[in-house]
Amino acid sequence: MQQTRIDQGTAYWHKFKDRWPNIQALAEADLSDVLKAWQGLGYYSRARNLHHAANIIAFDLDGAFPENAETWRTIPGVGPYTAAAISSICFEEVIPAVDGNVIRVISRFLGIHSPIDRPEGRQELEAFAENWISPQYPGDHNQAVMELGALVCTPRKPDCGACPLNEACLSRINTPGETPEPPIKLGKTTVRDVVLDFHVIVTDHKVWMRQRPAPGIWAGLFEFPSNIHPGERIERDRRTHFPPEPPWKSLISLGALGDPFHHLLSHRKMHVQFWLWKGSLSQGYGEGEWTDWNCAEELALPRVLERSWKDVKNSALLQIR
DNA sequence: TATGCGTGGGC
DNA sequence: TGCCCAAGCAT
C-alpha cells in the first residue's frame, strides 16, 4: 500500500490473501494473474516487485522471511520505510518507520520549516525519529505515530485538542487554530500534457493486443498499440504518423469515441483518443497478438482502458461489419 | 539528487 | 477544475 490509501487497498489485500494464502502460492502464480489482480490499484511495479519478492523468499531463502531491516532492504520493492515497518512490528527491531504520516507529525511537533524533501529538513526529522523510537516497544511506537498522523494530526484541520503531544507541539503553539504550515515540500510534481493515441486494430472477431514494455507507464499491462507524445492537441494528420507502414488497412470512424477525453495521472494530463483500424488475421502489427475480445478482457488493463472498454468494443464490433 | 510511477478522495 | 495527498521505491 505504498503511496496508497488503506481504504483503496484493503479490498485488494483481501483478494490477494484469499487467492494466494502463502508465499509459496504467490511465488508460483503467473505474473499476469498477479497483475490482473492488481488491476486498478496503480503503481504496477509494486505487483511485479511483490511477485519477484515472493520468489526470492520462497525459493532462494527456502521460505524463510528476513527478520531484520538490513536484509529486508535487499528484497525488491522494499525501501527504508517498509523494511523498518516490517522489522519493528514483526521482529521488534528498534528502527523508526518514517512514512508520510510520521513526517507530518514530527515536522509539526518540531516546527520544521525547512523543506522535508531536502537533506537538511530530512536529516532533522530522521535524527528526532531515531531518538524518539521506543527501545521497548518499537513496533507499537511506529504504529502509534502513524495512527496519530492518520487520525489526529491530519493534513488539513488536525484535531489538536485530541493530540497527546499538543502541549509541546511547536506548530500548534505558533499557529493555533489553523492548519499548521509544516510539512513544507519543495519538489512539486509538474503535470505535463501528453497525447495518448490508442490504435484499435480489429477483424470480425479479434483485436490486436500488446503487452506494455518495462520500464515505463503501465509496464506489464495490456493495451491496444499506442503512442504517447508531448502536447495537448490532436493533430489532424495523426493517421499519417501511425501506422508507420502498411499492412495497415483502413481507418474507420469511431464516432463519439473519436473525440479526445482526459485521463489524469499524478504527473500527466493525458488527452486520449482511439483510432479504429481494420486488420488482417494473416498479418502482424508489431509486438502483440490477435486476441478474442472476451480473452482480452481477462488481461490486466490500465484503468483508462477498463473504463472505456465496453464503448470501444461495441463501437468496434458495430463499425467492422 | 530529481524524476517517473496510478488512482481516487477531499476540498 | 485544480491542487494536495495517500502504510514509497527504483533509477
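Chain letters run A, B, ... following the sequence lines, proteins first and then strands; every chain starts at 1. Small disclaimer: the values here were computed from a predicted structure and weren't measured.
The listed nucleotides are C:dC5, C:dA7, B:dG6; the one nearest the side chain of A:Lys185 is C:dC5. For A:Pro155, the listed nucleotide lying nearest its side chain is C:dA6; candidates were B:dT1, C:dA6, B:dG10.
Counting non-hydrogen atoms under 4.0 angstrom, A:Thr82 reaches the backbone sugars and phosphates but no base. Using a 4.0 Å heavy-atom distance criterion, A:His262 is classed as making no nucleic acid contact. Within 4.0 Å (heavy atoms only), A:Asp7 reaches no atom of the nucleic acid at all. Within 4.0 Å of A:Gly9, counting heavy atoms only, lies no atom of the nucleic acid at all. Among the protein residues, A:Val102 comes within range of no part of the nucleic acid, since none of its heavy atoms lies under 4.0 Å from any strand. Nucleic acid contact for A:Lys269: sugar-phosphate only, since backbone atoms but no base atoms lie under 4.0 Å from a heavy atom of the residue. When heavy atoms are screened at a 4.0 angstrom cut-off, A:Pro80 is found touching the sugar-phosphate backbone but no base atom. Residue contacts shown for A:Arg48 are absent, as no nucleic acid heavy atom lies under 4.0 Å away. Among the atoms of the strands shown, only primed sugar atoms or phosphate atoms (P, OP1, OP2) are found under 4.0 Å from some heavy atom of A:Ile217. Within 4.0 Å of A:Arg118, counting heavy atoms only, lie sugar-phosphate atoms of the nucleic acid but no base atom.
In this structure, the separation between SG on A:Cys295 and CD on A:Glu289 is 9.5 Å, given to the nearest 0.5 Å.
Within the 4.5 Å cutoff, no side-chain heavy atoms of A:Thr175 are placed close to those of A:Glu181. Inter-residue side-chain proximity for A:Ile89 and A:Asp140 is flagged as unmet; no heavy-atom pair is nearer than 4.5 Å.
In this structure, A:Asn49 and A:Ala150 both approach DNA chain C, and ranking their closest nucleotides by distance from the 5' end singles out A:Ala150. Nearest-nucleotide positions on DNA chain B for A:Pro119 and A:Arg307 put A:Pro119 closer to the 5' end.
One donor-acceptor pair, N or O on each side, does fall under 3.5 Å between the base of C:dC5 and the side chain of A:Arg5. Scanning atom types as modelled, no donor and acceptor separated by under 3.5 angstrom connect the side chain of A:Thr189 and the base of B:dG4.
If you measure from atom CD of A:Gln3 to atom C1' of C:dC4, you get 12 Å, rounded to the nearest angstrom. When rounded to the nearest whole Å, the span between CD of A:Gln8 and P of B:dG10 equals 12 Å. Rounded to an integer number of Å, the gap from CZ of A:Arg104 to C1' of C:dA6 is 9 Å. Per the geometry, CZ belonging to A:Phe261 stands 14 Å off P belonging to C:dT1, to the nearest Å. A straight line from CD1 of A:Ile103 to P of C:dG8 spans 8 Å, rounded to a whole angstrom. Between A:Gln2 atom CD and B:dG8 atom P the separation is 19 Å, expressed in whole Å. Between the CZ atom of A:Arg268 and the C1' atom of C:dC3 there is a distance of 17 Å, rounded to whole Å. The interatomic distance linking A:Asp99 (CG) with C:dA6 (C1') rounds to 9 Å, in whole Å.
Taking atom P on both C:dT11 and B:dG6, the two are 14 Å apart, rounded to the nearest angstrom. The same atom, P, is picked in C:dA7 and in B:dG10; the two are 13 Å apart, to the nearest Å. B:dT3 and C:dC4 have their P atoms separated by 16 Å, with the value rounded to a whole Å.
The phosphate of C:dA6 has neither OP1 nor OP2 within less than 4.0 Å of any side-chain N or O from A:Tyr43. Between A:Arg303 and B:dG8, a side-chain N or O to OP1/OP2 separation shorter than 4.0 Å is present. Residue A:His267 places none of its side-chain N or O atoms closer than 4.0 Å to OP1 or OP2 of B:dG4. Taking 4.0 angstrom as the limit, A:Arg156 places none of its side-chain polar atoms (N or O) nearer than this to OP1 or OP2 of C:dC3. OP1 or OP2 of B:dG6 has not a single side-chain nitrogen or oxygen of A:His263 nearer than 4.0 Å. Contact check, A:Trp72 against C:dC9: no side-chain N or O comes under 4.0 Å of OP1 or OP2.
Residues A:Glu306 and A:Arg303 are paired through a salt bridge, judged by an N-O separation under 4.0 Å between the basic side chain and the carboxylate.
Residues A:Asn101 and A:Arg104 have side chains that bring a donor and an acceptor to within less than 3.5 angstrom of each other.
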Original post:
For A:Phe16 and A:Trp38, what are the C-alpha separation, side-chain angles and deciding distance, and is it a ring pair (Phe, Tyr, Trp, His ring centres under 6.0 Å)?
Top reply: CA-CA 9 Å; A:Phe16 269 72; A:Trp38 202 275; 5.6 Å; yes
**OP:** Give the C-alpha distance, both sets of side-chain angles, the deciding distance and a yes or no for side chain to side chain donor-acceptor pair (under 3.5 Å) between A:Thr71 and A:Asn68.
**Re:** CA-CA 6 Å; A:Thr71 314; A:Asn68 59 67; 2.7 Å; yes
